[in-house]
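Throughout, a chain's letter reflects where its sequence line sits, starting with A, and its residues are numbered from 1. Please read all numbers here as calculations on a predicted model, not as lab measurements.
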Protein chains: 2
Amino acid sequence: MNMDERKMRILQAIIDDYILTGVPVGSRTISRKYDMGLSSATIRNEMSDLEELGFLDQPHVSAGRIPSAKAYRLYVDTLLQTGRIPDNSDESVRAHFSGRIHQMEDVIDHAAQVVSSLTHYTAVVLSPKGVQPRIQTVQLVPVSAESALAVIVTDMGVIRDSVIRVGTDMDSDTLYAISRTLTNEIRGCTLQEACRKMPEIIRRLQGNDQVLQELYGYLSDGQKTEHRPHMAVGGTSNMLAYPEYSDMDKARNFLSLMETRDKLADIIRGNGEMAFTVRIGPETGVPEMTDCSIVTATYSTRGGQQGTIGVIGPTRMRYSQVLSILNIMGHQLTDLFSGEDDNA
Amino acid sequence: MNMDERKMRILQAIIDDYILTGVPVGSRTISRKYDMGLSSATIRNEMSDLEELGFLDQPHVSAGRIPSAKAYRLYVDTLLQTGRIPDNSDESVRAHFSGRIHQMEDVIDHAAQVVSSLTHYTAVVLSPKGVQPRIQTVQLVPVSAESALAVIVTDMGVIRDSVIRVGTDMDSDTLYAISRTLTNEIRGCTLQEACRKMPEIIRRLQGNDQVLQELYGYLSDGQKTEHRPHMAVGGTSNMLAYPEYSDMDKARNFLSLMETRDKLADIIRGNGEMAFTVRIGPETGVPEMTDCSIVTATYSTRGGQQGTIGVIGPTRMRYSQVLSILNIMGHQLTDLFSGEDDNA
DNA sequence: GTTAGCACTCACGGGCATCGAGTGCTAACA
DNA sequence: TGTTAGCACTCGATGCCCGTGAGTGCTAAC
């Protein structure tokens, strides 16, 4: 037995209805609501076939059918293949970005808000990650008689700043001179490379050892912990509105997963650089998420680094709408981050 | 009719039991579990009095009694007056801060984690706020031929950085010179003051108009949005474990309140500079929180700014434990922030 | 003032009947 | 051969009844 065009249409209708209502859908519903020109009996036969093919599940004998993960997969694949991602929500997304926002973190926070409130699911936005940031300048800024603020500027912005101790007789000009020399030495390096170079540099440039040593420590410190990406989560409470989470335990598990940022980041970042990713139910590979789906899209910055936007919702997600919104938001963020710079 | 010592003891027992179990407590329970040397009938009479005095509520006639907000208030007040805040969880808090953490944001995030996992309630930690930060240095760091990174350092660290456009022929030294001149002009000012001064400065120091104008724009930008405090929230999912939130709608309202950061920050910041604050149920002034209590404590930094730690839980919160933990955590954070500087 | 006794209340949970949405199967029909 | 009407059957959901038990308030005795 094979899928034919009619089975396909019926399956489509079932998925649509189930996504809408969240209630198992019966044969009568299909034949009435979606005028197929077929009686409920015929639909019933087809549904029986579809179940045998693995596209439908039956919670119990006297309930309707619900789409299986396999069905959603088929649904999403055709959606993606035909490229029929509507972009009718285009303006509604752009509207939310009318006011200029400057800082990347703010943009990311805001994007998570917007996506979650448009989709009514949970949204996660991850800051770009990928290419190692490269040092552009090192600057020492006097703070007090004995300490200075070290600011390292990379092609991704100020990456880290920290107060370090310097000798006593360091005025602004001396610090500037040191900054310049050091900048010449390690410009263009990644943090790792800079760390490797430092001992040699310290040896070569005699004098100012204390400052340079402090800087060295600071760099290797930064190298370890640095570039922890920013992550924004929005609309976790949305999920409680879906009957899928009327079970408190499930809800709690889900929420506590949303709170363990590291794990969540890994899940969202997922496997990839693909423009779109859709993982349905078990495909997520996360036990707590067997009845969730995750849809992700990417955006990129001028440096070519990729950030990720993700939406987490029940398996019966409005995939097409979500894909559309993610698509637009991806472009929007790409524009913001790679077009004009911060302060245009 | 007045409160006497015995009524007090009975009320205490009722509160203790209810905090423990969350189930209305009956007269028999009290006379058996807390050996008062009184029969259930006597307790019953006293309970009836306590109800009349407004310290107890009765969900329905054949259920036990539950403490009213007024009862908790009394309970907490005696707790605070007698100063009997045990600190047996001292080491367990300190243990969580063994590894050195440097960045303030990380400390705050971590503190929220620790407090929520120790109390099993929801924890909120707000970064210090208070004194307006004062500018120490302005530094322009070349980024590309046409743009530079403006870094403003205040007595609270780098407060903001942003790329601005400069004229074409600006090398590192020129930018440094401008930075120095400007720093001399506005050192010690708050952002507002600096903004007020800028037009006059621009008029006076002819040349480099473009750079200064850009800086001006950036400053006034910063003035508006700046010093948005950092806030960390931990353990929101904990609340779902309490029967108080078995009602999904309540749970959703609560969670979505936790997501609206600004509102939440206002609530937690509350009215004050007091060392401890306990707001019980309606006292919170937040409709969504009539059956929550909020306990807050403060910590302070070297600069004398005050940050807030808050715990949100059901009204039947283990107040004494929470106060204890907040007390210790407050000291811990104060030590961290006012003792050694970042990079000691 | 305390307590034993007793009637009364009322949420909770199990058992039971009813209802209805939905199915599968069969037989008739185009 | 595919479609459809009809029908018996299944089974979760709903509502009702009723027994149970925790808890109360009141009264009378100590």
* Structure fact -> Interatomic distance, CZ@A/R269 vs CD1@A/I267, rounded to 0.5 Å, equals 13.0 Å

* Spacing of A/R73 atom CZ and A/Y75 atom OH [to the nearest 0.5 Å] -> 13.0 Å

In whole Å, what is the span from the [atom1] atom of [X] to the [atom2] atom of [N]?
{"X": "B/I10", "N": "C/dG1", "atom1": "CD1", "atom2": "C1'", "value": "13 Å"}
{"X": "A/L38", "N": "C/dC29", "atom1": "CG", "atom2": "C1'", "value": "16 Å"}
{"X": "B/D17", "N": "D/dA22", "atom1": "CG", "atom2": "C1'", "value": "14 Å"}

* To do: May I ask you to say whether A/R316 pairs ionically with A/E244, meaning some side-chain N is under 4.0 Å from a carboxylate O?
  => yes

* **pair A/I268-A/I294: side-chain heavy atoms closer than 4.5 Å** => yes

* Please, which pairs that meet salt bridge (Lys or Arg N to Asp or Glu O under 4.0 Å) have at least one residue in residues 51-61 of chain B, sequence neighbours excluded? -> B/E51-B/R65

* To do: Go through residues 42-72 of chain B and report each residue with a non-hydrogen atom lying under 4.0 Å from DNA chain D, sorted by number.
  => B/R44, B/M47, B/Q58, B/V61, B/S62, B/A63, B/G64, B/R65

* Neighbours of DNA chain D within residues 19-34 of chain A, by heavy-atom distance under 4.0 Å -> none

* To do: Please answer whether the main-chain N or O of A/G235 pairs with a side-chain N or O of B/E259 as donor and acceptor at a distance below 3.5 Å.
  => yes

* Asked: Are any side-chain N or O atoms of A/Y121 and backbone N or O atoms of A/R318, one a donor and one an acceptor, separated by less than 3.5 Å?
  -> yes

* Should we count CZ of A/R28 as having more than 12 external heavy atoms under 6.0 Å? -> no

* Now, which nucleotide makes the Watson-Crick or G-U wobble pair with D/dT27, with each of the two distances under 3.5 Å? -> C/dA4

